[in-house]
Amino acid sequence: MEADLARLAPRQPPFEADAVLDRALASPGLRGAAPETAARLALVAYARHVFTDYDDLLGEGYDRDSARHFVLDDLNATLTAWGAAPIPEADAEADPEEDPA
């Protein structure tokens, strides 16, 4: 999974990559996923929770889909800075991983 993450986000700082890997390994929703899929989902979830206002919006009462919509630009800025593919607008609310907060 480490190699998949390095390929998916080649400019991600090593300490952030370690945190993403820890998240992927700890997520019950990712246990049965292919390593590349788990790495991508964990990368997106980590960036969403750490580098956007997603959790604050949830705390303010926004539903998950609305919060994801509002943070999409910030999320994509982080992903592209790391060399990762952005999330298309049409896929902003889709996520098979349960977000472990």
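Hydrogens, waters and symmetry mates play no part in the numbers below; they use all other heavy atoms, side chains included.
Using a distance-only test at 3.5 Å, with no hydrogens or angles considered, a donor-acceptor pair links the side chain of D63 to the main chain of S66.
Listed by chain and residue number, P86 satisfy the side chain to side chain contact (heavy atoms under 4.5 Å, CB included) test with T80 (two or more places apart in sequence, or in another chain). Scored by the salt bridge (charged side-chain N to carboxylate O under 4.0 Å, His left out) test, E2 finds no partners at all (sequence neighbours excluded). Applying the ring pair (Phe, Tyr, Trp, His ring centres under 6.0 Å) test to Y46 and every residue at least two apart in sequence or in another chain returns nothing. Every residue was checked against the side chain to side chain contact (heavy atoms under 4.5 Å, CB included) condition with P14, not counting sequence neighbours, and none meets it. Residues satisfying the side chain to side chain donor-acceptor pair (under 3.5 Å) criterion with D18, sequence neighbours excluded, are absent altogether.
The shortest distance between side-chain heavy atoms of L58 and D55 falls below 4.5 Å. Using a 4.5 Å heavy-atom cutoff, the side chains of F51 and E16 are in contact. At least one side-chain heavy atom of W82 sits under 4.5 Å from a side-chain heavy atom of P13.
Distance CG/D22 to OG/S27: 12.5 Å, rounded to 0.5 Å. Taking OH of Y54 as the reference point, atom NE2 of H69 lies at 14.0 Å (rounded to 0.5 Å). Rounding to the nearest 0.5 angstrom, the gap separating the CG atom in N76 from the CD atom in E89 is 9.0 Å.
Hydrophobic clustering (ILVMFWY, side-chain heavy atoms < 4.5 Å, transitive): L8 and L25 are in distinct clusters. Cluster membership check: L43 shares its hydrophobic cluster with L21, using side-chain heavy-atom separations under 4.5 Å among Ile, Leu, Val, Met, Phe, Trp and Tyr.
In terms of heavy atoms, L57 sits closest to F70 at CD1-CB, 3.8 Å. Across A39 and M1, no two heavy atoms sit closer than the pair CB-CG, 3.9 Å. L75 approaches R48 most closely through the heavy-atom pair CD1-N, 3.6 Å. A pairwise comparison of heavy atoms in A38 and A24 identifies O-CB, 4.2 Å as the closest pair.
Residue pairs meeting the salt bridge (charged side-chain N to carboxylate O under 4.0 Å, His left out) criterion with at least one partner in residues 6-15, sequence neighbours excluded, are D4-R7, R7-E36.
For the side-chain contact (heavy atoms from CB on, under 4.5 Å) test with Q12, the passing option among T78, L79, L5 is L5; the others fail.
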